[in-house]
There are 2 protein chains.
Amino acid sequence: MLLSKSCVYGLRASLYLAAREQGEFVPIRKMSDKLEISFHFLTKILQQLTAEGILESFKGPNGGIRLKRTGSDVQLLDIVLAIDGSQLLTECALGLPGCGLKNPCPLHDKWAETRDSIHEMLEKTNLTELVHKGKAENLRLTTEGGFDILFDD
Amino acid sequence: MLLSKSCVYGLRASLYLAAREQGEFVPIRKMSDKLEISFHFLTKILQQLTAEGILESFKGPNGGIRLKRTGSDVQLLDIVLAIDGSQLLTECALGLPGCGLKNPCPLHDKWAETRDSIHEMLEKTNLTELVHKGKAENLRLTTEGGFDILFDD
DNA sequence: GTATTTTAAGATAAAAGGGTCTCATAAACT
DNA sequence: AGTTTATGAGACCCTTTTATCTTAAAATAC
Ligand code: FES
Ligand code: FES
């Protein structure tokens, strides 16, 4: 798989937050219910994103999680790097150490090109952009439900 | 990681075979030594490729493994599909079931495009092509050694 | 200050991927 | 035929990822 499950959950949760009112703290329990992700597992992932300064948390009643920056200021790449790290975008396709530093492998040129296109896609796509699209076309963030599930509280 | 370790080992081994004399059976033990892959693990992977009709095996003394078709007739995609299956090229970037069949996710359009570029790269690259390049520039198939390690018996 | 709501942190368990080992099978040579 | 060389097939183990559970800590409301 391109992205780890943790990373995918992180992306789904971030999109969910970006789709809600800016400034509103959303409890993790609510997110885990809506997005059909295990509460405890999601909690851990959100902790990583909070530690990286992408999300912000608040404890106690009326607490929860929200975006720290605006959705248009968070690129998919930020989330992928925070959770999966940079391996996908730096590693050798044949698993050899030091891609780009040492003598390359036969696949290097072609892979570097493909890898750059992945990098560019992640770097140039922000949350708000996807949320607009998702709202307009009622796309899904979960197995069944459309984007509208985010709003029926 | 884009490709599983098994898949990467399968690719390295296939490149090794394509670089050797067509028709020569190479013992797995020799390959595992040259390519620095565990013998038993490599054996399993090669069995998969043999079952898929990409490689051919022969038991007993002077036996081993060789390509069943010519190197120019084996695309990287064949090996990736045989070992990792088609998930990478068919799955939803957000891990939702039924990408392309059901209502898409917000990332679908962008991911489908990126995914196609991966698909195209794997589909249009054959073993012989990479072997030529590898021989000409003495590229590496292993941590340290160059392509020449394939030939000092 | 006590109860309630919520995140934080860490221990633990289940599942998957990666890797090892053993025995069986086939072919060749003597 | 028996020994040697080699793949085939399966059981087994280790590590990482994924997921769960338990306890702590913080903030609020009363
Ligand atoms: S060295 Fe293999 S992809 Fe760069
Ligand atoms: S539905 Fe998500 S990538 Fe196609």
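Every chain is numbered from 1 and lettered A, B, ... according to where its sequence line falls, protein lines coming before strand lines.
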Report the distance from atom CG of B/Leu42 to atom C1' of C/dG19, rounded to the nearest whole Å.
12 Å
OP1 or OP2 of D/dT20 versus the side-chain N and O atoms of A/Ser38: is any pair under 4.0 Å?
yes
A/Ser6 vs D/dT18: side-chain N/O to OP1/OP2 distance below 4.0 Å
yes
More than 12 heavy atoms from other groups under 6.0 Å of CD on A/Glu113:
no
Can you tell me if the side-chain N/O atoms of B/Ser57 get under 4.0 Å from OP1 or OP2 in D/dA6?
no
Taking the side chain as every heavy atom from C-beta outward, state whether A/Asp73 and A/Asn126 have any atom pair closer than 4.5 Å.
no
Starting the side chain at C-beta, find the nucleotide from D/dT7, C/dG18, D/dA19 nearest to A/Tyr9.
D/dA19
What is the distance, rounded to the nearest whole Å, between atom CD of B/Glu36 and atom P of C/dG18?
19 Å
Which letter, B, S or -, goes with each nucleotide of nucleotides 21-30 of chain D from 5' to 3', with contact meaning a protein heavy atom under 4.0 Å?
BB--BSBB--
When the distance from CD1 of B/Ile37 to P of C/dG19 is rounded to whole Å, what number comes out?
10 Å
How many whole angstroms separate atom CD1 of A/Ile28 from atom C1' of C/dT5?
12 Å
Among residues at least two apart in sequence or on other chains, which ones pass ring pair (Phe, Tyr, Trp, His ring centres under 6.0 Å) with B/Phe41?
B/Tyr9
How close or far is atom P of C/dG10 from atom CD of A/Gln47, stated in whole angstroms?
9 Å
Round to a whole Å and report the spacing from CG of B/Asp33 to P of D/dA6.
11 Å
To the nearest Å, give me how far apart CG (A/Leu49) and P (C/dT7) are.
14 Å
Checking side-chain contact (heavy atoms from CB on, under 4.5 Å) for the pair A/Cys99/A/Arg115: CA distance, chi angles, key distance, verdict?
CA-CA 12 Å; A/Cys99 169; A/Arg115 195 169 59 179; 3.5 Å; yes
Round to the nearest Å and state the distance from A/Leu17 atom CG to C/dT7 atom P.
11 Å
Do B/Arg20 and B/Tyr16 pair up side chain to side chain, a donor and an acceptor below 3.5 Å, judged on atom types alone?
yes
Compile the donor-acceptor pairs under 3.5 Å between side chains in residues 47-62 of chain A and protein atoms, sequence neighbours left out, one pair per line.
unit_1, atom_1, unit_2, atom_2, d
A/Thr50, OG1, A/Leu46, O, 2.8
A/Glu56, OE1, A/Arg66, NE, 3.2

Check whether any side-chain nitrogen or oxygen of B/Lys30 sits under 4.0 Å from OP1 or OP2 of D/dA6, and answer yes or no.
no
Over 12 foreign heavy atoms within 6.0 Å of NZ, A/Lys30
yes
